[in-house]
Amino acid sequence: AYRISKNSHHFEIWCTYQHLERAAPEDIPESFRQDVENVFNVSGRLPLVWTQKESEEYKLLSTFAPPDFIAFIAEAYNEDPSLFSAEVGEPPSALYLPLTTVFTAWQRLKSMLNSSQRWSEADFADAYAQFRGPALKESTRLMQCSVSLPQPLQTPVDPEAARILNTKKSIPDCVVMVPPESIRHLSNSTDSAFKRLKKNKAVKKTGSAVKNSSFAYQATVCYSIPDTPAFEFVSSIWEDKKPVHSMPEHAYRQNRMSTASAARQLHSIHVDAPVFGLTWTHGHIRAHVDWCQKPQPDEPPVVYSAPYVRSVEPKIPADNQEYHQWDLTRASDILRLHFLIVNIDQWTVGGFLNRVTSGVAALEKSIVEDGKAFEPWRRFGD
């Protein structure tokens with residue numbers, strides 16, 4: 001996957017056969033557009049009283065928070081007042097401890113990026129981990145998880161394309177999943193949706209365990225099935241890139257290969273939901289929203305990818321932006337990114353989980369009761 005994404009020509013070939021298309025934010029389907037907007041909405045998450053020196057909350061904060069932390073909050077307010085609100089969802093005191101990890105990461109990243117020393121991808125990943133790991137409290141996070149790439153949708157395959165399409169997996173740096181215990185009921189019992197679909201004769205004909213394409217494999221994005229075969233669903237995939245890769249487009253292309261798999265699996269299981277992608281390059285982060293749908297009922301599916309563009313960007317009209325980029329040396333940006341990760345975490349165990357449950361039920365009814373065909377998504381054979 002790395003080699004394909006690094007070469008724009010090879011990636012274009014891969015996209016052509018996999019039916020990947022760039023899209024715009026306004027193309028995001030109406031069925032989950034509001035969910036996407038909610039995930040990216042991080043306004044008003046910090047208490048305005050932390051910026052008001054005469055307030056009791058500010059005086060209390062000053063008794064235990066180091067001056068540098070208070071300066072960090074003041075800097076964020078000066079850069080982006082929309083992060084602050086007179087009314088926040090939890091007491092200001094409850095916010096302090098989670099934000100200390102963000103503050104520590106910000107200090108470290110500023111030091112690294114302002115230094116002449118050369119830092120490795122692992123160094124940056126270690127700095128990122130200080131705040132992105134703690135923000136994922138409810139969902140399951142897998143690091144360096146091998147993801148199965150999807151079966152090409154366009155045939156026949158040109159010999160040159162076959163060499164490129166022969167890649168069977170990608171290894172993103174982070175995969176955010178629904179916790180297994182939250183969907184165990186969909187797979188464990190003999191009468192569960194997973195077991196009923198797995199033993200369905202029509203479903204059995206669409207894949208082979210020998211070729212890693214039976215229903216047990218179709219039920220997960222991971223290259224290897226879990227020890228106890230079951231459904232696994234991914235809500236977000238992240239890609240870190242080495243500092244020497246100055247073009248974030250490379251990270252975006254590589255991440256799209258992974259998110260394409262997650263989107264194809266969701267579509268195959270009848271789950272109507274987006275996949276959130278994040279790319280991390282030298283302290284600069286971009287986001288994209290990917291989804292899979294059929295342009296027409298009788299046409300093969302297409303995986304769309306829309307780069308995230310913040311609706312209100314200082315000095316730059318939204319229509320003129322190709323993407324939004326968070327600069328982690330900015331106090332307001334690292335705080336915005338922290339709350340975005342918190343939102344992804346909550347979406348994974350909330351709205352996304354609900355859509356997964358509904359999708360699995362719809363798939364079971366479609367195949368077991370209505371006798372409709374199952375559409376596998378995983379790569380099989382050579």
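As the structure is a computational prediction, the values presented were derived from the model and not from experiment. The figures that follow rest on heavy atoms only: side chains count, while hydrogens, waters and symmetry mates do not.
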Pair Tyr96 and Phe64, ring centroids less than 6.0 Å apart: yes

Aromatic ring proximity, centroids under 6.0 angstrom, Phe276 and Phe40: yes

Should Leu149 and Lys168 count as side-chain neighbours, where that means a heavy-atom distance under 4.5 Å? no

Between Val356 and Ile344, is there a shared hydrophobic cluster once you connect ILVMFWY residues whose side-chain heavy atoms come closer than 4.5 Å? yes

For atom CG of Asp227, is the number of surrounding heavy atoms from other residues, nucleotides or ligands below 6.0 Å larger than 12? no

Full working for side-chain hydrogen bond (donor to acceptor under 3.5 Å, both in side chains) between Tyr17 and Thr155: CA-CA 8 Å; Tyr17 282 88; Thr155 55; over 6 Å; no

May I have the step-by-step check of side chain to side chain contact (heavy atoms under 4.5 Å, CB included) for Val303 and Cys292, ending in yes or no? CA-CA 4 Å; Val303 179; Cys292 182; 4.1 Å; yes

Please give me the minimum heavy-atom distance between Gln218 and Ile269, naming the atom from each residue. O-CD1, 4.2 Å

Applying the 4.5 Å side-chain criterion to the ILVMFWY set and letting contacts propagate, would Leu95 and Leu340 be lumped into a single cluster? yes

Spell out, as yes or no, whether a donor-acceptor pair under 3.5 Å connects the side chain of Arg33 to the backbone of Glu26. yes

Donor-acceptor contact present, side-chain Asp27 to main-chain Ala24, <3.5 Å: yes

Using the rule that two of Ile, Leu, Val, Met, Phe, Trp, Tyr join whenever any of their side-chain heavy atoms come within less than 4.5 Å, decide whether Leu136 and Leu99 are in one cluster. yes

Distance alone, cut at 3.5 Å: any donor-acceptor contact between the side chains of Thr259 and Asp290? yes

Hey, are the side chains of Val176 and Thr140 touching, using non-hydrogen atoms and a 4.5 Å cut-off? no

Should side-chain heavy atoms under 4.5 Å link Ile, Leu, Val, Met, Phe, Trp and Tyr, which residues sit in the same cluster as Val221? Leu142, Val147, Val175, Met177, Val234, Ile237

For residues Ile285 and Trp238: do they belong to one hydrophobic cluster (side chain heavy atoms under 4.5 Å, members Ile, Leu, Val, Met, Phe, Trp, Tyr)? yes

According to ring-ring contact (aromatic ring centres under 6.0 Å, His included), does anything in residues 156-177 pair up with another residue at least two apart or in another chain? List the pairs. none

Test side chain to side chain contact (heavy atoms under 4.5 Å, CB included) on Phe11 and Gln254 and set out the steps. CA-CA 9 Å; Phe11 182 72; Gln254 187 168 346; over 6 Å; no

What one should report as the nearest heavy-atom pair of Ser148 and Arg379 is OG-N, 4.4 Å

Start with the C-alpha gap between Asp126 and Arg108, add the side-chain angles, then the distance that decides, and say whether salt bridge (Lys or Arg N to Asp or Glu O under 4.0 Å) holds. CA-CA 10 Å; Asp126 187 49; Arg108 183 175 177 187; 2.8 Å; yes

Parallel, tilted or perpendicular: which one describes the rings of Phe69 and Phe72, with boundaries at 30° and 60°? tilted

Check: Trp291 ring centre within less than 6.0 Å of Tyr304 ring centre: yes

Are any non-hydrogen side-chain atoms of Phe103 and Ile334 less than 4.5 angstrom apart? no

Would you call Glu57 and Gln52 a side-chain contact if the rule is heavy atoms closer than 4.5 Å? no

Side chains of Glu232 and Pro180, heavy atoms from C-beta outward: is any pair under 4.5 Å? no

Please give me the minimum heavy-atom distance between Gln293 and His267, naming the atom from each residue. CA-CD2, 3.9 Å

Heavy-atom closest pair, residues Pro152 and Gln18: CA-OE1, 3.6 Å

Is there a donor in the side chain of Ser187 and an acceptor in the side chain of Ser192, or the other way round, less than 3.5 Å apart? no

Determine whether more than 12 heavy atoms belonging to other residues, nucleotides or ligands lie under 6.0 Å from atom NZ of Lys53. no

Quick one: are Lys211 and Tyr217 in side-chain contact, heavy atoms under 4.5 Å? no

Salt bridge (Lys or Arg N to Asp or Glu O under 4.0 Å) between Lys241 and Glu121: does it pass, once the steps are laid out? CA-CA 6 Å; Lys241 270 287 160 274; Glu121 182 179 333; 5.5 Å; no

Taking atom CZ of Arg22 as the centre, does the number of heavy atoms from other residues, nucleotides or ligands within less than 6.0 Å exceed 12? yes

Is it the case that Arg286 and Gln325 place a side-chain donor and acceptor less than 3.5 Å from each other? yes

Taking C-beta and beyond as the side chain, do Ser305 and Tyr252 meet within less than 4.5 Å on heavy atoms? yes

Please tell me whether Ser235 and Thr348 have a donor and an acceptor in their side chains that are separated by less than 3.5 angstrom. yes

Side chains of Asp191 and Ser189: do they bring a donor and an acceptor to under 3.5 Å? no

Heavy atoms only: give me the nearest Arg310-Ser82 pair and the separation to one decimal. NH2-OG, 3.7 Å

Indicate yes or no: at least one non-hydrogen side-chain atom of Arg336 is less than 4.5 angstrom from one of Asp80. yes

Does the side chain of Ser214 pick up a donor-acceptor pair with the side chain of Arg378 at under 3.5 Å? no

Taking atom CD as the centre, does Glu87 end up with more than 12 heavy-atom neighbours from other residues, nucleotides or ligands that are less than 6.0 angstrom away? no

Step-by-step side chain to side chain contact (heavy atoms under 4.5 Å, CB included) determination, Tyr77 to Leu83: CA-CA 7 Å; Tyr77 179 74; Leu83 265 170; over 6 Å; no

Any link between Val342 and Ile73 through a network of hydrophobic side chains (Ile, Leu, Val, Met, Phe, Trp, Tyr) touching at under 4.5 Å? no

Just checking, any donor-acceptor pair under 3.5 angstrom between side chains of Lys137 and Gln346? no

Here the pair of heavy atoms bringing Asp240 nearest to Asp173 is N-OD2, 2.8 Å

Report the residue from Val289, Ile28, Asp35 that forms a side-chain contact (heavy atoms from CB on, under 4.5 Å) with Pro274. Val289

Among Trp280, Tyr308, Phe339, which residue meets the ring-ring contact (aromatic ring centres under 6.0 Å, His included) test with Trp326? Tyr308

Can Ser120 and Asp123 be counted as having a side-chain donor-acceptor contact under 3.5 angstrom? yes

According to the ring-ring contact (aromatic ring centres under 6.0 Å, His included) rule, which pairs have a member within residues 358-379, sequence neighbours left out? Phe215-Phe374

Flag, side chain of Ser268 to backbone of Arg264, donor-acceptor distance under 3.5 Å: no

Give a yes or no on whether the ring-centroid distance for His282 and Phe124 is below 6.0 angstrom. yes

Candidate pair Leu335 and Trp106, rule side chain to side chain contact (heavy atoms under 4.5 Å, CB included), full reasoning: CA-CA 9 Å; Leu335 284 165; Trp106 176 70; over 6 Å; no

I'd like to know if the side chain of Arg45 pairs up with that of Asn343 as donor and acceptor (distance under 3.5 Å, no hydrogens or angles considered). yes

Can the ring centres of Phe352 and Phe233 be said to be less than 6.0 Å apart? no

Applying side-chain hydrogen bond (donor to acceptor under 3.5 Å, both in side chains), run through Asp272 and Ser31 and close with a yes or a no. CA-CA 8 Å; Asp272 182 33; Ser31 59; 2.8 Å; yes

Under a 3.5 Å cutoff, is there a donor and acceptor pairing between the side chains of Asn41 and Glu37? no

